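First comes the structure, then the notes that go with it.
Just so it is clear, the model here is predicted, and its values are computed rather than measured.
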There are 2 protein chains.
Amino acid sequence: MFYEELSERKKTILKAVVEAHIEGGEPVGSKYVVQNGLLTCSSATIRNEMAELEQMGYLEQPHTSAGRVPSELGYRFYVDMLVNQYDTVTKEVAQVNHLLKSKMGEIDQILETASRLASKLTNYTGIAIKPKASSITMSRYEVIWFDENNFVIVMITSHGNVKTKKVKTAESITQESVERLAALLNAHLCGISADKINLPLIVELEKAMGSDGFMINAAVKCIYDVMSEIDGGELRYSGINNLLNYPEYSDTRQLGELLGTLEEQSQILDLVSDADSDNVNVLIGSESSVKVMNNSSLVFKPIKKNGRTVGVIGVLGPLRMDYKNVLRTIDEIGGSVADMIGDDRKLDGKVKEGDNDGGK
Amino acid sequence: MFYEELSERKKTILKAVVEAHIEGGEPVGSKYVVQNGLLTCSSATIRNEMAELEQMGYLEQPHTSAGRVPSELGYRFYVDMLVNQYDTVTKEVAQVNHLLKSKMGEIDQILETASRLASKLTNYTGIAIKPKASSITMSRYEVIWFDENNFVIVMITSHGNVKTKKVKTAESITQESVERLAALLNAHLCGISADKINLPLIVELEKAMGSDGFMINAAVKCIYDVMSEIDGGELRYSGINNLLNYPEYSDTRQLGELLGTLEEQSQILDLVSDADSDNVNVLIGSESSVKVMNNSSLVFKPIKKNGRTVGVIGVLGPLRMDYKNVLRTIDEIGGSVADMIGDDRKLDGKVKEGDNDGGK
DNA sequence: AGTTAGCACTTAAACAAAAAGAGTGCTAAA
DNA sequence: TTTAGCACTCTTTTTGTTTAAGTGCTAACT
């Protein structure tokens, strides 16, 4: 999208209005803009320009005789302008890295910490998302004898993650039966997706296990569970209380709906699943298909690991969020997180940030 | 605590006031009480009694010429009266069990589902807590060769939970070295708590591993991490948006503080760690040490498994929450959850609800 | 002595009218 | 093309008034 249509002065005015509104939250009038410096003309001129900007759809007027407020298009112009030039002032980066490093752990944990951090640095609501994995398979199984009535299945996924599950059996089991089970699972259940696990297959496996066939049912069910569970996708958020500081959320109805949507998860999950470039994405208000977001914007960045999107971190806030700051912050945090989980090649003899993916 | 001081009529009035206030949310006047049936005297009499109840501290007046509102003591009386007699009308139990069973999985997941359920059934905010485990040890280790630069440690805790962690090494490893590592860990690191793992011990282990000593450092660090991580304690909540329906939270400041406390976690965690009977606990307003709770009540029940508290589920809501309903609901859900995770003896050949404890 | 009816009093909430303020659109002059 | 000025519009704030609810108290009643 190009904005050639806008004269240089209009751009300046629009930018001034957006920033003033972000700052103060209230409609901004012609007088304020001219006082702000930058422009060397009178308020009347500004008024004329603003009237035109309104007609073009960049500004809105809550009512006659109120100042102007940026429309969604206005915000869009603003952030598009920003992304080309936003300055990577790396002053809080130290803090970012410190906080993240001190909390290294499973990927879930990193994402959650990142979300917290995003919230803290921006004063909006931070979100962290583990996207739905389209289709996952197991690349290897290990089975551990736990006690006479329990065994543990260790599954290594095609993405190299490790999942475990304890399985309880009705009849007692032996070390030997456990080994046979492992061999069987490795022989028949590697590399196939959840929907390929059907009854005939199970029956066949049961037969192969002979008198220990009872182990199969439980084991397969549990493998199936894990496969679908990983598929799930998950959304964490933190710092909702931050939103309460912004008057646009003082209407409890709107806030309630937003919170509801957040808890539903699915909608937001779909939202970020759609748009994934490698960069920071900005969804402004009704640009997203989620109704409830009409009053809010979402800034997020996918986290890639070996080219695969393993997570999304971002920030949710009012339409008039401080995009300049937020864009920078999310980009930085995203970078740090990617650094932490992405470098599969950098070996240092230290514990690697767990790929354990631990259940939920 | 005994309430002999209260005449039968005072009790009736108090109960009527509490229930009317819970129902409507507004101060209740003498007239309303008498209209409500139950009492066969005039409003003037009620007024006298209410004045006395106020002096005794059971009721409060927002201002002269408003009706009365229960004080915290008033609520306390009410719930204490309730617990002796609340009727276990088991009508939604079916739903409870159904929902819980359909979502069986790790204990974390069960707790989260339970929290959601609690929220849905009560229309308040549901909470689920995994308490801090005081001191944990490992009872057995298994080590799995992953690839040349990675191995997986499977740890079985003293509580019978399973944790795994993938460890990356600088130098390449063999199947044989992995087996030696397992033997070593089992020989030296079973049954000892995190603080017993010190440098001399590590050095000794390194020596024992010979040329594969580099594996020790990473492995031990990771074991240590898991031990302390489990210790963490965790709080999940759901249905905060429910709170917005209650006028007491329309003051965004109060709501914000409450949300902040919820996200802090530590305070609530301490709170429920303190009081643990086997039954439903009720913390009314400032009875709890958390300042922010002045306006809210917390109803919760510990979940025990083999005598050990493995979780807490509960509900957070306004002072005037519908205790009758909530008490019953939490008791039921608590019971169902306990059934699901508690019966280590009931064998049925099905997958047991995972004890995996999956990391965060 | 306990209960009731009646009434004066208090206070918050609801309503209405008026005043203030902010900002625009438009016209006419520079 | 810009600017100054002014009338107009609409919201917000203020102020005053009314209404309604509910109490406390006194005096009569059982």
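We find that CD of Q35(A) is positioned 11 Å from P of dA22(C), with the value rounded to whole Å. Between the C1' atom of dT1(D) and the CD1 atom of I46(A) lies a distance of 14 Å, rounded to the nearest Å. The distance between atom CD of E49(B) and atom P of dT3(C), rounded to the nearest whole Å, is 7 Å. Rounded to a whole Å, the CD1 atom of I13(A) is 15 Å from the C1' atom of dG23(C).
S297(A) and Y323(A) share a side-chain donor-acceptor pair at under 3.5 Å. There is a side-chain donor-acceptor pair under 3.5 Å between S119(A) and N242(A).
Under the 3.5 Å distance criterion, the side-chain polar atoms of S250(B) are left unmatched by any main-chain donor or acceptor of Y246(B).
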Using nucleotides 13-20 of chain C, report all nitrogen or oxygen pairs with the protein that are shorter than 3.5 Å.
none

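Going from atom CD1 of I284(B) over to atom CG of L73(B) covers 9.0 Å, rounded to the nearest 0.5 Å.
For the side chain to side chain contact (heavy atoms under 4.5 Å, CB included) with L327(B), the lone residue among N279(B), V280(B), V315(B) that qualifies is V280(B).
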Legend entry - Footprint string (nucleotides 22-30 of chain D, 5' to 3'): B base within contact, S backbone only, - free, heavy atoms under 4.0 Å: BBB------
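At most 12 heavy atoms of other shown residues, nucleotides or ligands fall within 6.0 angstrom of atom CD in E26(A).
Using a cut-off of 4.0 Å between Lys/Arg side-chain N and Asp/Glu carboxylate O, E287(B) and R76(B) are scored as salt-bridged. Salt bridge absent: E23(A) and R320(A) never bring a charged side-chain N and a carboxylate O closer than 4.0 Å.
Here the side chain of R9(B) is nearest to one of dT3(C), dT4(C), dT11(D), namely dT3(C).
Under 4.0 angstrom from either OP1 or OP2 of dT3(D) there lies at least one side-chain N or O belonging to T45(A).
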